[in-house]
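A note on names: the letters A, B, ... follow the listed sequences, proteins ahead of strands, and every chain is numbered from 1. Given the structure is predicted, the values throughout are model-derived calculations rather than measurements.
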Amino acid sequence: MSKELTSRAENYSQWYNDLVLKGGLADYSAVKGCMVIKPYGYALWENMRDQLDKMFKETGHVNAYFPLFVPKSLFEAEEKNAEGFAKECAVVTHYRLKNDPSRPGKLMVDPDAKLEEELIVRPTSEAIIWNTYRDWIQSYRDLPILINQWANVVRWEMRTRLFLRTAEFLWQEGHTAHATKEEAVEETLKMLNVYSTFVEEYMAVPVIKGIKTANERFAGAEDTYCIEALMQDGKALQAGTSHFLGQNFAKAFDVKFSDKNNTLDYVWATSWGVSTRLIGALIMAHSDDQGLIMPPKIAPLQVVIVPIYKGEESKPLIDAKAKAILDELKTLGIRVKYDDNDNARPGWKFAEHELKGVPVRIAMGLRDMENNVVELARRDTKEKKPVSMDGLAGYIKELLEEIQQNIYNRALSFRNENIREANGWEEFVQLLDEKGGFIAAHWDGTPDTEEKIKELTKATIRCIPLDNKPEDGKCILTGKNSTQRVLFARAY
RNA sequence: CGGGAUGUAGCGUAGCCCGGUUAUCGCGCCUGGUUUGGGACCAGGAGGUCGCAAGUUCGAAUCUUGCCAUCCCGACCA
């Protein structure tokens, strides 16, 4: 009633916006291109962050924090990186306001407070970090450095979308320094695997691991590896990247180390990141026309208990039973809430929790008490059935795992059904327009051809899958020889 | 940055073309009561710089100009 959702079929973009706004994840803000992440959305991010943080620590990383501002001279040191981000940088030029003499009560930028050197608001932190690493690294004994930071960054986008692309966003960025190329490459792939494990096992979103083509590579990287996910509308979404930076930043910032033989060499680097964009991926991979569907492992709330009572006399009875179940579930480490708010009636609560994607709902009324059962509803399948109160907590714990698996399987089938091979140009264009999804096709390996295909179809090469099998073929555009298929898609 | 659309209470809206008392309705909110197994009902009540700023006019939500914001579609990007 009060919260009508646009259906996916009607308007996919609007459906997405409705879910974010009405599901209570985020709001628009007074700042153009920036959003407010609301408590429910932030709780989701915290769960994602905590799990990732744990995985980073398990792989030997530590957290640190570097400044928001990057002096322009440092920013421009690695030229390719600087060039790549130049068009979307916020720049601080002044450090003071003053009263505006011509408009009483208003402020103006104080022209006398111009900075000697402009400060760039970080779009990413390689520059400031590698400038710091120079001071930290002298010998191979100082290596490796395995640092991660949780931070906000700013990229001044022309067109923004909640979670998917905002001017400011939250992310983590890992920045590592190594003595050898092999070790850096190993690190790059290790973190790619951490990402794919996290996204698949916790977010229940299947991904394809691959390597980016030169056109799509991170500015300043030698190689960019990525995980690519598929959304329900058939568009691809880059869910995370891990970069092998070679010695580019070490050279730009003069970071050298002495090896065991006392010979000097530049340090090898990696960087890797995922952002709040993952929340967009989560929404578009799983949710339906009734609202969000949260994977249990990172759902802010895993179970909600809704009492149904007639008159005040039955309430204490239900309360007692509900609290017992609540305690049992909490003991098992399940995130659960007893929603006995008297302002809303059961039907309203059902709809609200469905909108918010709470994986399991327990409804309990007098009738259930008499039969020693509760009504259990799962969000992913909408299935409702009575379940005995005996052993309920254990049952729910298993059910949450089953839901997690089911959501993943569903997304995986969808993804797999939407990877198609195209062997000629017309077939390629037709598949793209009629089916969407990933299209595995031959490509002659040149940036020009990739660019041309993008111009003609808006499809880009999402990646060259890591598990690709060699296969001789002809490029769909130029007909030139090709040794493997690459994955094309229209992307977010 | 280009094209299109929109902006009236927390949300959704009527009114605008054709200027004229106190700006419409629904949801939500507050108070009281009855209710509670799929978005309850009754009664009473509060809430508005009509996006902002100029202009035209005796008079502007309504007409004009400028600006701002948001959404959708492009270009750019994670």
Asks: Hey, does the Lys NZ or Arg CZ of R462(A) hover above the aromatic six-ring of F488(A), less than 6.0 Å from the centre and inside 45° of the axis?
Replies: no
Asks: Rounded to whole Å, how long is the line connecting atom CD1 of I305(A) with atom P of rU36(B)?
Replies: 22 Å
Asks: Counting only side-chain nitrogens and oxygens, does S13(A) get under 4.0 Å of the OP1 or OP2 atom of rC73(B)?
Replies: yes
Asks: Any luck finding a side-chain donor-acceptor pair between K435(A) and Q430(A) under 3.5 Å?
Replies: no
Asks: Using the P atom in both, what is the distance from rC41(B) to rG37(B), to the nearest Å?
Replies: 12 Å
Asks: Whether the side chain of E354(A) and the base of rG38(B) hold a donor-acceptor pair under 3.5 Å is what I'd like checked.
Replies: yes
Asks: Considering only atom C1', compute the distance from rG47(B) to rU24(B) and round it to an integer number of Å.
Replies: 15 Å
Asks: Is K458(A) side chain donor-acceptor paired with the rG74(B) base, going by distance under 3.5 Å alone?
Replies: no
Asks: Step through it carefully: locate the ring centre of F163(A), locate the ring centre of W45(A), and say whether they are under 6.0 Å apart.
Replies: no
Asks: Taking atom C1' in both rA40(B) and rU22(B), what distance in whole Å separates the two?
Replies: 33 Å
Asks: Ignoring backbone atoms, establish whether R159(A) has a side-chain N or O less than 4.0 Å from OP1 or OP2 of rC73(B).
Replies: yes
Asks: Specify the separation, in whole Å, of atom CG of D342(A) and atom C1' of rC29(B).
Replies: 16 Å
Asks: Measure from CD on Q14(A) to P on rA5(B) and round the result to the nearest Å.
Replies: 17 Å
Asks: Nearest-Å distance, CZ (R361(A)) to P (rG38(B))?
Replies: 10 Å
Asks: Using atom CG of L162(A) as one end and atom P of rC71(B) as the other, report the distance to the nearest whole Å.
Replies: 7 Å
Asks: If you find the nucleotide of RNA chain B closest to A377(A) and the one closest to Y492(A), which residue's nucleotide is nearer the 5' end?
Replies: A377(A)
Asks: For nucleotides rU49(B) and rG4(B), find the distance between their C1' atoms and express it as a whole number of Å.
Replies: 30 Å
Asks: If the C1' atom of rG51(B) is compared with that of rA69(B), how far apart are they to the nearest Å?
Replies: 7 Å
Asks: Please state whether the phosphate of rG39(B), meaning OP1 or OP2, lies under 4.0 angstrom from any side-chain nitrogen or oxygen of K22(A).
Replies: no
Asks: Taking only the P atom of each, what is the distance from rG28(B) to rC42(B) in whole angstrom?
Replies: 11 Å
Asks: Per the side-chain hydrogen bond (donor to acceptor under 3.5 Å, both in side chains) rule, which among E126(A), E173(A), H175(A) passes with S271(A)?
Replies: E126(A)
Asks: How many Å lie between CG on N11(A) and P on rU6(B), as a whole number?
Replies: 16 Å
Asks: rG28(B), OP1 or OP2 - any side-chain N/O from N343(A) closer than 4.0 Å?
Replies: no
Asks: Flag yes if more than 12 heavy atoms outside K235(A) fall under 6.0 Å of its NZ atom; otherwise flag no.
Replies: yes
Asks: Judged by each residue's nearest nucleotide on RNA chain B, which is more toward the 5′ side, K382(A) or A491(A)?
Replies: K382(A)
Asks: Represent RNA chain B in dot-bracket notation, 5' to 3'. Only Watson-Crick or G-U wobble pairs with both distances under 3.5 Å count; pseudoknot-style crossings use [ ] and interstrand partners use |.
Replies: ((((((((.[[[..)....(....]]].((((((.....)))))).....[[[[[..)....]]]]])))))))....
Asks: Does the rG37(B) base have a donor-acceptor partner in the side chain of R345(A) within less than 3.5 Å?
Replies: no
Asks: Looking at Y40(A), I'd like to know if the NZ or CZ of K356(A) sits under 6.0 Å from its six-membered ring centre while staying within 45 degrees of the ring's axis.
Replies: yes
Asks: Do E168(A) and R155(A) sit within salt-bridge range, that is, some charged N less than 4.0 Å from a carboxylate O?
Replies: no
Asks: For a quick test of reading the model: is some side-chain N or O of Y28(A) closer than 4.0 Å to OP1 or OP2 of rC71(B)?
Replies: yes
Asks: Provide, to the nearest angstrom, the distance between the CZ atom belonging to R165(A) and the C1' atom belonging to rC77(B).
Replies: 5 Å
Asks: Around E79(A), counting heavy atoms of other residues, nucleotides and ligands shown, do more than 12 lie under 6.0 Å from its CD?
Replies: no
